[in-house]
There are 2 protein chains.
Amino acid sequence: MGRRSDHSPDELRELLVLSGHALMGERGFAKFSAREAARRAGYSVGTIYNVFGGLDSYLIAINSRTFRQWGAWLEAALIDAPSDRAGRIEALVRAYFGFAQNNQNVWMAIYDHRIDRSIEIASEDDAAREGLTSIVDREVASTLGLNDNDARRLVRSLIATVHGHCALWLTGSYALLEEKDPAGQAVDRVLEILTHHLTPSES
Amino acid sequence: MGRRSDHSPDELRELLVLSGHALMGERGFAKFSAREAARRAGYSVGTIYNVFGGLDSYLIAINSRTFRQWGAWLEAALIDAPSDRAGRIEALVRAYFGFAQNNQNVWMAIYDHRIDRSIEIASEDDAAREGLTSIVDREVASTLGLNDNDARRLVRSLIATVHGHCALWLTGSYALLEEKDPAGQAVDRVLEILTHHLTPSES
DNA sequence: TTTTTAATTGAACACTGTTTAATTCCATGA
DNA sequence: TCATGGAATTAAACAGTGTTCAATTAAAAA
C-alpha cells in the first residue's frame with residue numbers, strides 16, 4: 001500500500017486521475033468504481049476522499065483530463081485541415097466525432113456525470129471545459145460579421161447541434177440508429193446554418 | 001406483500017411501471033432503485049425480475065411510458081399551434097423543450113439508460129420510440145420537396161439538433177450554461193436549416 | 001530520540017443488483 | 001370439501017458499491 005513518501009501530493013493526485021481515467025475508459029461511467037480506481041493506483045478508497053474531498057470532485061478531475069485530450073485532438077486535426085472555411089469547419093466537426101468515437105466511454109462520462117449546482121468546479125477544471133469552446137470560438141466566430149455576443153451565442157448553439165448528432169449516435173438512440181454518416185449530417189447542418197450568418201461579402 | 005390474486009399479470013406489469021416511473025421522476029436515473037420501486041408497489045425485488053426478466057427490460061418499459069407521454073404532449077401542443085409552417089415548427093420545438101423541462105428526470109433517464117445492443121427491445125417499446133419521430137416526420141417532412149429517404153434523414157438530423165440544445169441545457173453543460181433561451185436558439189437553427197431544403201416555390 | 005503531525009488504512013454502515021431455494025397462494029381434480 | 005400440483009412471490013445470500021471515521025503508520029519537528 002502507498003506510503004506518503006512515494007508521491008508528492010501533486011503526483012498522487014495525478015496518479016489517481018490517471019488510474020481513474022483509464023478505468024473509466026475500460027468500464028464506462030455506469031460501471032466505474034472509485035474503490036477499484038484507488039486499488040489500481042496502489043491506494044485505498046479513503047485516499048480519494050482525502051485528496052479530492054469527495055467522489056464528485058474526483059469525477060470532475062477525470063473528466064477534465066478528457067476535456068484536455070479532446071482539445072488537443074481538435075487542435076491536431078486543425079493543423080492538417082484545408083485552409084478554406086468550409087474545409088476547416090468540416091475538419092473540426094469530424095474531429096469532434098472522431099475523438100468521441102475513439103474514446104467513447106470517457107467522452108460519454110463527461111455528460112453522464114451530473115454535477116449538483118451547489119458543487120463548485122475548480123478554476124483549473126473550468127479552464128479545461130472552456131478551452132474546448134474557445135477553439136470553436138476562434139475558428140468560427142471571428143469569420144462572422146456579428147457582434148461578439150451574437151457570435152458567442154451562435155458558436156455555442158453550433159456546438160449543441162454537433163453534440164446532439166454525436167450523442168444520439170454514440171448512445172445508439174433511436175433517431176440516428178440507421179444513419180450511416182452522422183458526422184456528415186452534422187457538417188451539413190452546421191454549414192447550412194453558417195451561410196445564414198455570413199455577411200453577403202463573405203458568402 | 002402482494003398476493004397474486006390482487007392483480008392480473010398485465011395489471012401487475014402496469015403497476016410496477018407506474019411506481020418505477022414515479023420513482024424515476026423523483027430521484028432520477030442515478031439514484032433509481034429497483035428494490036424501492038418494487039417496495040412502493042407492494043412487492044419485492046424478485047417480482048420485477050419475474051415480470052420483466054431483468055432490470056434492463058424494466059427500465060425500457062419505464063422509458064417507453066415517458067416516450068408515450070412525450071408524444072401526447074407534442075400532439076397536444078400542435079393542436080393550439082398556429083397554422084403557418086414556421087409557427088408550427090416553433091411550437092413543436094418549444095413543446096419538445098417544455099416536456100423535457102417539466103419532466104427532467106424521466107426525460108434524461110431515456111438517454112441515461114444505455115442498452116446493450118444484444119438486448120432486443122419489444123415491439124411495443126419500439127413503437128413508443130418510433131411514435132415520437134413519426135410526429136416530426138408528419139409535421140416536417142411532408143412539406144419538403146425531397147424524396148422520402150432524404151426527408152427521413154433530414155428529420156432525424158433536425159431531431160438531433162434540437163436534442164443537442166435540450167440535453168446540454170438540462171444537464172447544465174458548460175456550452176449552454178449562460179444561454180437564456182436555448183429553445184429559441186434551437187428554433188432559429190431548425191428554421192435556418194429548413195430554408196435550405198425548401199423548393200423555391202415554398203420559401 | 002521522542003513527540004507531534006499528517007497521510008493512509010480498514011472496518012463499519014447502509015445501500016445496490018442479481019440469483020435461487022424456500023414459501024405461500026390459487027386452481028384444479030378427486 | 002379437501003388434498004395436491006404448479007406457479008407467483010418472497011427472503012436470504014452474495015458480491016459489490018459510496019461514504020465516514022477511528023485507528024494506525026510514517027515522516028517531520030523538537
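Letters A, B, ... mirror the listed sequences (proteins, then strands); counts begin at 1. Values reported hereafter were calculated over all heavy atoms of this structure, with side chains retained and with hydrogens, waters and symmetry mates removed.
If B:G46 and A:L55 are placed on DNA chain D by their nearest nucleotide, the residue sitting closer to the 5' end is B:G46.
If you measure from atom NE2 of B:H7 to atom C1' of D:dA7, you get 17 Å, rounded to the nearest angstrom. Here C:dA7 presents its C1' atom at 15 Å from CD of A:E11, a figure rounded to the nearest Å. Across the protein-nucleic acid pair, B:L15 atom CG and D:dA8 atom C1' stand 15 Å apart, rounded to whole Å. Regarding B:I48, its CD1 atom lies at a distance of 11 Å from the P atom of D:dT10, rounded to whole Å. One can place NE2 of A:H113 at 12 Å from P of D:dG18, the figure rounded to the nearest angstrom. Here C:dT9 presents its C1' atom at 12 Å from OH of A:Y43, a figure rounded to the nearest Å. Between the CG atom of B:N50 and the C1' atom of C:dT24 there is a distance of 14 Å, given to the nearest Å. Per the geometry, CZ belonging to B:F52 stands 12 Å off P belonging to D:dT9, to the nearest Å.
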Please produce a list of atom pairs where a protein N or O lies less than 3.5 Å from an N or O of nucleotides 12-16 of chain C.
{"from": "C:dA12", "atom 1": "N6", "to": "A:R35", "atom 2": "NH2", "distance (Å)": "3.1"}
{"from": "C:dT16", "atom 1": "OP1", "to": "B:S33", "atom 2": "OG", "distance (Å)": "3.2"}
{"from": "C:dT16", "atom 1": "O5'", "to": "B:S33", "atom 2": "OG", "distance (Å)": "3.3"}

### Task
Check the pair B:V187 / B:L191 against side chain to side chain contact (heavy atoms under 4.5 Å, CB included), numbers first and verdict last.
CA-CA 6 Å; B:V187 169; B:L191 292 178; 3.9 Å; yes

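Here the side chain of A:S173 pairs no donor or acceptor atom with the backbone of A:W169 at under 3.5 angstrom. A donor-acceptor contact shorter than 3.5 Å is absent between the side chain of A:W107 and the backbone of A:F99.
Classification of the B:Y111-B:H163 ring pair by plane angle, with boundaries at 30° and 60°, yields tilted. Between B:H196 and A:H196, the ring planes lie perpendicular to each other; the angle is over 60°, past the 30° to 60° tilted range.
Remark: DNA chain C takes part in the stems C:1-25 with D:6-30, C:27-30 with D:1-4, each of 3 or more antiparallel Watson-Crick or G-U pairs, criterion distances under 3.5 Å.
Dashed line: the shortest gap from a side-chain N or O of A:T47 to OP1 or OP2 of C:dT9 is under 4.0 Å.
The two residues B:R94 and B:G184 come nearest to each other via the heavy atoms NH2-CA, 3.5 Å. Taking all atoms of both residues into account, the shortest heavy-atom contact from A:A175 to B:I159 is CB-CG2, 4.2 Å.
The environment of CD in B:E120 is sparse: at most 12 heavy-atom neighbours from other residues, nucleotides or ligands sit within 6.0 Å.
Salt bridge status for A:R85 with A:E139: absent, with no side-chain N to carboxylate O gap under 4.0 Å.
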